Every structure is written in structure tokens, then in C-alpha cells.
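Predicted model only: the values in this text are computed from it and were never measured. So that the names make sense, note that chain A is the first sequence line, chain B the second, and so on, each numbered from 1.
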Amino acid sequence: MKYWLMKSEPDAYSIEDFKKEKACLWDGIRNYQARNFMIKEMSPGDSFLFYHSNCKPPAIVGLGEISKQAAPDPTAQDPKSKYYDPKSTAERPIWECVQVKYKKTFKNPLSLTEIKENLFFKDMLLVQRGQKLSIQPVSAKHFNKILKLTE
DNA sequence: GCCAACGTTGGC
DNA sequence: GCCAACGTTGGC
């Protein structure tokens with residue numbers, strides 16, 4: 001059982017959208033490191049923190065679960081999608097995505113500012129300089145602490 | 001809107 | 001294979 005943090009811009013897809021849809025494909029990931037986490041490291045049953053990025057305030061706002069292992073990302077082969085990648089074909093797909101399901105919205109979202117202020121989180125990837133991966137592993141220690149602080 | 005930090009692309 | 005130019009991310 002592993003733990004993750006996944007970023008989404010609320011203007012594009014927010015925790016409220018996620019709650020309404022109950023489940024979705026985590027599509028549109030076009031970064032190899034993030035993709036490899038989905039393909040090689042994620043398993044159904046893993047939990048992830050839903051993070052609102054590029055907004056005010058950036059914060060961890062909810063919880064989800066990986067519900068289906070990685071499979072080719074349909075948006076990569078859809079010419080109408082903004083995530084369309086002509087190099088990725090049905091025969092040789094480049095990009096994959098996992099399916100995720102909604103678990104909960106936190107009563108008390110944990111803002112990036114609060115995470116930075118708390119020395120307990122000083123090793124979290126999220127607060128490392130220059131760290132911009134949209135999918136990151138989270139340690140059990142940090143994950144459990146975040147669940148406590150957000151209740 | 002600015003810009004630092006990275007990742008990717010493509011000429012050589 | 002190097003590296004400059006360009007694009008993207010995302011906090012501020």
C-alpha cells in the first residue's frame with residue numbers, strides 16, 4: 001500500500017468536480033517521471049492526496065484512491081483533446097493513466113503555507129526547491145499526519 | 001503577470 | 001552527445 005500526492009488546477013478539475021463524478025481517469029499527464037509512477041508504482045487500493053495547485057491558496061483538499069491500474073491514456077490519441085500527442089498511437093501508446101475514485105473532501109484543507117511552516121513536513125517532496133512533479137510519492141508518516149491535521 | 005526551475009526539442 | 005532555445009509549471 002503506497003501513498004501519493006496528485007496535483008490538479010481547480011480551474012481545470014477541482015475536488016468538487018471529483019466529488020460529483022465519483023471516479024475519473026487521471027489523464028493528461030505528459031511528464032515521463034509522473035507517468036512512470038503511474039505505470040510502475042501505483043496499484044489499485046493506494047491512497048492519494050488531492051492537491052489544488054496554481055490557485056489561492058494552494059492546498060491539500062481531499063482524499064482519493066487508485067481504483068484501476070494504468071492503461072493507455074485515451075486523450076493522447078484524440079486529435080480534439082488538448083492533450084493530443086500524435087507520437088502516441090494505438091499500436092504504440094506513450095502515455096498512460098490510472099483510474100481513481102473519490103473518497104472525501106477534507107474539513108480543514110492543509111495549505112502549502114502551513115505545510116512549509118511545519119518542520120514535520122520539511123522532507124516532503126512538495127516543499128523541496130524546484131519540485132514541480134504533478135504526481136509525487138508521500139511517506140506513510142507524512143500521509144498519516146496530514147489525515148490527522150485535516151479532520 | 002512575473003519569473004525561477006526544470007524538462008524537452010532539435011541543430012550541429 | 002552537447003547545449004541553446006523554448007515551453008511548462010506553479011508559487012508569489
Side-chain angles (χ1 to χ4, degrees), chain A residues 2-21 23-42 46-66 69-100 102-139 141-143 145-150:
Chain A
K2 290 179 175 162
Y3 305 101
W4 305 93
L5 179 145
M6 314 226 277
K7 298 178 184 175
S8 184
E9 302 193 9
D11 287 348
Y13 193 77
S14 70
I15 189 77
E16 290 80 17
D17 298 326
F18 192 28
K19 183 177 185 178
K20 244 176 277 169
E21 285 193 8
C24 70
L25 290 177
W26 206 261
D27 56 18
I29 300 297
R30 297 292 178 268
N31 169 283
Y32 285 101
Q33 222 179 328
R35 181 205 68 171
N36 289 344
F37 279 136
M38 289 198 287
I39 296 176
K40 297 178 179 170
E41 309 271 347
M42 279 184 187
D46 286 0
S47 293
F48 73 96
L49 302 165
F50 193 108
Y51 179 85
H52 276 170
S53 68
N54 206 6
C55 60
K56 286 175 187 173
I60 295 172
V61 294
L63 183 68
E65 184 181 308
I66 311 302
Q69 72 179 66
D73 181 342
T75 64
Q77 287 157 53
D78 175 3
K80 291 192 295 290
S81 169
K82 71 171 193 168
Y83 301 118
Y84 177 58
D85 181 352
K87 294 200 294 296
S88 185
T89 63
E91 294 73 34
R92 302 191 63 179
I94 298 173
W95 305 110
E96 303 207 6
C97 59
V98 291
Q99 189 184 75
V100 293
Y102 173 84
K103 298 296 274 188
K104 63 157 62 171
T105 303
F106 291 139
K107 285 197 202 79
N108 304 301
L110 187 63
S111 73
L112 181 62
T113 311
E114 291 172 294
I115 296 168
K116 282 182 168 169
E117 281 168 0
N118 190 336
L119 282 181
F120 187 84
F121 297 120
K122 70 178 191 315
D123 295 330
M124 262 190 99
L125 274 181
L126 188 67
V127 297
Q128 303 311 305
R129 182 182 167 81
Q131 181 52 69
K132 301 212 159 170
L133 260 185
S134 66
I135 295 179
Q136 313 181 349
V138 175
S139 71
K141 176 183 109 159
H142 289 145
F143 182 84
K145 181 77 165 180
I146 288 163
L147 286 194
K148 285 208 185 74
L149 292 174
T150 49

Notebook entry, point to check: Starting at the 5' end of DNA chain B, which residue's closest nucleotide do you reach first, Q131(A) or N54(A)?
Noted result: N54(A)
Item checked: Verdict with reasoning, I60(A) to L5(A), per side-chain contact (heavy atoms from CB on, under 4.5 Å) -> CA-CA 9 Å; I60(A) 295 172; L5(A) 179 145; 3.9 Å; yes
Check: Can you pull the contact range of chain A along DNA chain C, 5' to 3', using atoms under 4.0 angstrom from its heavy atoms?
Finding: dT9(C) to dC12(C)
Margin query: I'd like to check the side-chain hydrogen bond (donor to acceptor under 3.5 Å, both in side chains) partners of S111(A); sequence neighbours left out, ordered by chain and number.
Written below: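 Result, side-chain hydrogen bond (donor to acceptor under 3.5 Å, both in side chains) vs S111(A): E114(A).
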Check: Is K20(A) close enough and on-axis enough to Y102(A), meaning under 6.0 Å and within 45°, for cation-pi?
Finding: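 No cation-pi geometry.
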Item checked: W4(A): partners by ring-ring contact (aromatic ring centres under 6.0 Å, His included), with sequence neighbours left out ->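 Checked W4(A) against ring-ring contact (aromatic ring centres under 6.0 Å, His included); matches are F37(A).
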Item checked: Sugar-phosphate, base or nothing in reach of K87(A), heavy atoms under 4.0 Å ->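 Here K87(A) touches the backbone only, sparing every base.
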Check: Just checking K116(A): base, sugar-phosphate only, or nothing, at a heavy-atom cut-off of under 4.0 Å?
Finding: sugar-phosphate
Check: Does a donor on one side chain sit under 3.5 Å from an acceptor on the other, for S14(A) and D17(A)?
Finding: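 Yes, because at least one side-chain N or O of S14(A) sits under 3.5 Å from a partner of the opposite role on D17(A).
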